[in-house]
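Both counts, for ligands and for their atoms, begin at 1 and track the order of listing. Just so we're clear, the structure is a prediction, and the values are computed from it rather than from any experiment. Quick note: numbers below take in every heavy atom, side chains included, and nothing from hydrogens, waters or symmetry partners.
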Amino acid sequence: MTFAAQILTLYPEMFPGPLGHSIAGRALAEGRWSLDAIQIRDFATDKHRSVDDTPAGGGAGMVLRADVLASAVDHALERSPNAPVIAMTPRGAPLTQARVRQLADGPGVTILCGRFEGFDERLFDARPIEEISIGDYVLSGGETGALVLLDACVRLLPDVMGASSSGDEESFENGLLEYPHYTRPQIWEGRAIPEVLRSGDHAKIRAWRDSQAAEITRLRRPDLWERHGGTPDLSPSGARRKR
Ligand code: SAH
C-alpha cells in the first residue's frame, strides 16, 4: 500500500521541494509514497478567489477563512477518507517520533498549511483536524512544517531506508538521544576514536553506547531523561528494541 500524502496549501509549487531528493525522492520515484499538493485557492467561491479576510475584533494580519478551508479539507477527505487531517500550527501538539511512527504505519496524511495569522478557529470545531506544531518558534507558513513531518514519516516507510534496522536505535526511538558516532580516520587532528569501539567486543560496545546515550540525554535533555525514567527498555515511540 502506498502512503498517500495530500498537502492543502497556497503554494503547491513548494512541493515536493527537498522531498524530491535523496531518500524521500527515490522513494517517491519508486511509488512507495505519493504526494498531491492541492491549491487551497481552488476552493474559494467569490470572483476574487479570496481565501483570507481581516481578523474579527481587529488586529494585524489576515485570517484563513473557515468556509474555504473546510471545502478543501472535505475534498481531501473524499479522496483519502482514512488519512488523518493535520493542521500545521504553533498552537498544536508538539510533533514526536512516536506520532510520526503511528502516521507512517497508516494510509497517509492530509496536511493543511497555514499562512498569515493562521486559521479561523471554527474550522477545528467543524472538522476532524489534529493540530500539530513542529516546535516552539514561528514559521511564515505551514509548508516547511509539512515537509518536516513528511520527511520524518517517509524515511520510516517499508524498504525506504537502506538498512532496515537503522531507524531503531536513533535519537528518540527509545526515549533517549543517540550515542555518538565515529568513522575513519582513526586519529584526526590528534583525536582518537574511543578505544572501546575498536575492541571488537560487541557486548562492551553495546554497554558503552547505552551509557553514552543515557549521559548525553541526561545532560542535554533533562525533560526527555525524566520522562524516560531510567528504564532502558522503555520504548515510547513504539520502535522494537533489539537486545
Ligand atoms: N499567528 C500565529 C502564527 C501564524 S504563522 C500564532 O501566533 O500562533 C503562519 C502559519 O505558519 C501558521 O498558520 C502555521 O500553519 C505555520 N506555522 C508557524 N509556526 C509553526 C510551527 N511552529 N509549527 C507548525 N506550523 C507553524
Side-chain angles (χ1 to χ4, degrees), residues 3-19 24 33 35-44 49-77 80 83-104 106 108-156 171-172 220-221 223-224 227 236-237:
F3 181 89
Q6 298 187 97
I7 314 291
L8 305 174
T9 170
L10 290 168
Y11 299 96
E13 61 280 8
M14 287 187 179
F15 297 89
L19 299 183
W33 68 292
L35 178 64
D36 231 318
I38 299 166
Q39 173 57 265
I40 291 171
R41 207 171 286 284
D42 291 346
F43 299 89
R49 301 220 300 157
S50 45
V51 296
D52 58 336
D53 210 328
T54 53
M62 299 293 274
V63 177
L64 289 165
R65 288 169 55 145
D67 55 349
V68 177
L69 291 192
S71 299
V73 167
D74 291 344
H75 169 81
L77 279 170
S80 210
V85 181
I86 290 172
M88 283 292 145
T89 159
R91 296 173 48 196
L95 184 62
T96 61
Q97 186 66 13
R99 185 67 187 119
V100 164
R101 198 166 269 284
Q102 287 170 350
L103 290 170
V109 65
T110 293
I111 308 177
L112 186 51
C113 302
R115 281 273 152 185
F116 322 122
E117 292 309 314
F119 311 96
D120 182 316
E121 191 69 20
R122 292 170 294 179
L123 179 67
F124 302 119
D125 302 329
R127 294 294 182 277
I129 296 174
E130 177 182 350
E131 296 175 67
I132 285 188
S133 164
I134 65 155
D136 292 342
Y137 39 79
V138 181
L139 307 168
S140 58
E143 287 78 8
T144 42
L147 291 170
V148 166
L149 191 155
L150 283 179
D151 186 353
C153 288
V154 166
R155 61 190 287 284
L156 295 180
S171 292
F172 311 114
R220 298 187 186 183
R221 291 293 302 275
D223 57 321
L224 283 183
R227 229 177 305 155
S237 80

Does ligand 1 have any atom sitting under 4.0 Å from a heavy atom of S140?
yes
Does any N or O of ligand 1 fall below 3.5 Å from an N or O anywhere on F116, backbone included?
no
Are any non-hydrogen protein atoms located under 4.0 Å from atom 8 (O) of ligand 1?
yes
For ligand 1, indicate whether the residue A87 contacts it via side chain, backbone, both or neither (heavy-atom separation under 4.0 Å).
neither
Do any N or O atoms from the side chain of R41 and from the backbone of R49 form a donor-acceptor pair under 3.5 angstrom?
yes
At the 4.0 Å heavy-atom cut-off, does G142 count as touching ligand 1?
yes
Let's go through I7 and I38 carefully: what are the C-alpha distance in whole Å and the side-chain angles of both, what is the deciding distance for side chain to side chain contact (heavy atoms under 4.5 Å, CB included) to 0.1 Å, and is it a yes or a no?
CA-CA 6 Å; I7 314 291; I38 299 166; over 6 Å; no
Just to be sure I read this right, does ligand 1 sit under 4.0 Å from the backbone of L139, its side chain, both, or neither, counting only heavy atoms?
both
In the protein, which heavy atom is nearest to atom 24 (C) of ligand 1, and how far is it?
T89 N, 3.5 Å
One thing to verify: whether R227 and D223 come together as a salt bridge, which I'm taking to mean a side-chain N less than 4.0 angstrom from a carboxylate O.
yes
Nearest-contact summary for atom 17 (N) of ligand 1 - protein heavy atom, Å
P90 CD, 3.8 Å
Check whether any side-chain N or O of Q6 sits under 3.5 Å from a backbone N or O of A76 as a donor-acceptor pair, and report yes or no.
yes
Check the pair L69, L8 against side chain to side chain contact (heavy atoms under 4.5 Å, CB included), reporting the backbone distance first and the verdict last.
CA-CA 9 Å; L69 291 192; L8 305 174; over 6 Å; no
Does any N or O of ligand 1 fall below 3.5 Å from an N or O anywhere on G114, backbone included?
yes
Atom 23 (N) of ligand 1: nearest protein contact (heavy atom, Å)
I134 N, 3.0 Å
Can you find an N/O atom of G135 closer than 3.5 Å to an N/O atom of ligand 1?
yes
Any N/O pair V138/ligand 1 closer than 3.5 Å
no
Looking at S133, which atoms of ligand 1 are within less than 4.0 Å of one of its heavy atoms?
22 (N), 23 (N), 24 (C)
Name all residues meeting the ring-ring contact (aromatic ring centres under 6.0 Å, His included) criterion together with F43; count only those two or more places apart in sequence or in a different chain, and write none if there are none.
H75
Do R91 and ligand 1 have an N or O pair less than 3.5 Å apart?
no
Please evaluate residues L149 and M88 with respect to the criterion side chain to side chain contact (heavy atoms under 4.5 Å, CB included), reporting the C-alpha separation (whole Å), side-chain torsions for both, the decisive distance (0.1 Å), and the verdict.
CA-CA 10 Å; L149 191 155; M88 283 292 145; 3.5 Å; yes
Between S80 (side chain) and A83 (backbone), is there a donor-acceptor pair under 3.5 Å?
no
After noting the C-alpha distance and the side-chain angles of V63 and F116, does the key distance pass the side chain to side chain contact (heavy atoms under 4.5 Å, CB included) rule?
CA-CA 6 Å; V63 177; F116 322 122; over 6 Å; no
Nearest-contact summary for atom 14 (C) of ligand 1 - protein heavy atom, Å
M88 O, 3.0 Å
Check whether T89 reaches the backbone of R91 with its side chain - one donor and one acceptor, N or O, closer than 3.5 Å.
yes
Shortest protein contact, atom 2 (C) of ligand 1 (heavy atom only):
E117 O, 3.4 Å
For G118, the atoms of ligand 1 under 4.0 Å from one of its heavy atoms are 13 (O)
W33 side-chain N/O to L150 backbone N/O, donor-acceptor pair under 3.5 Å:
no
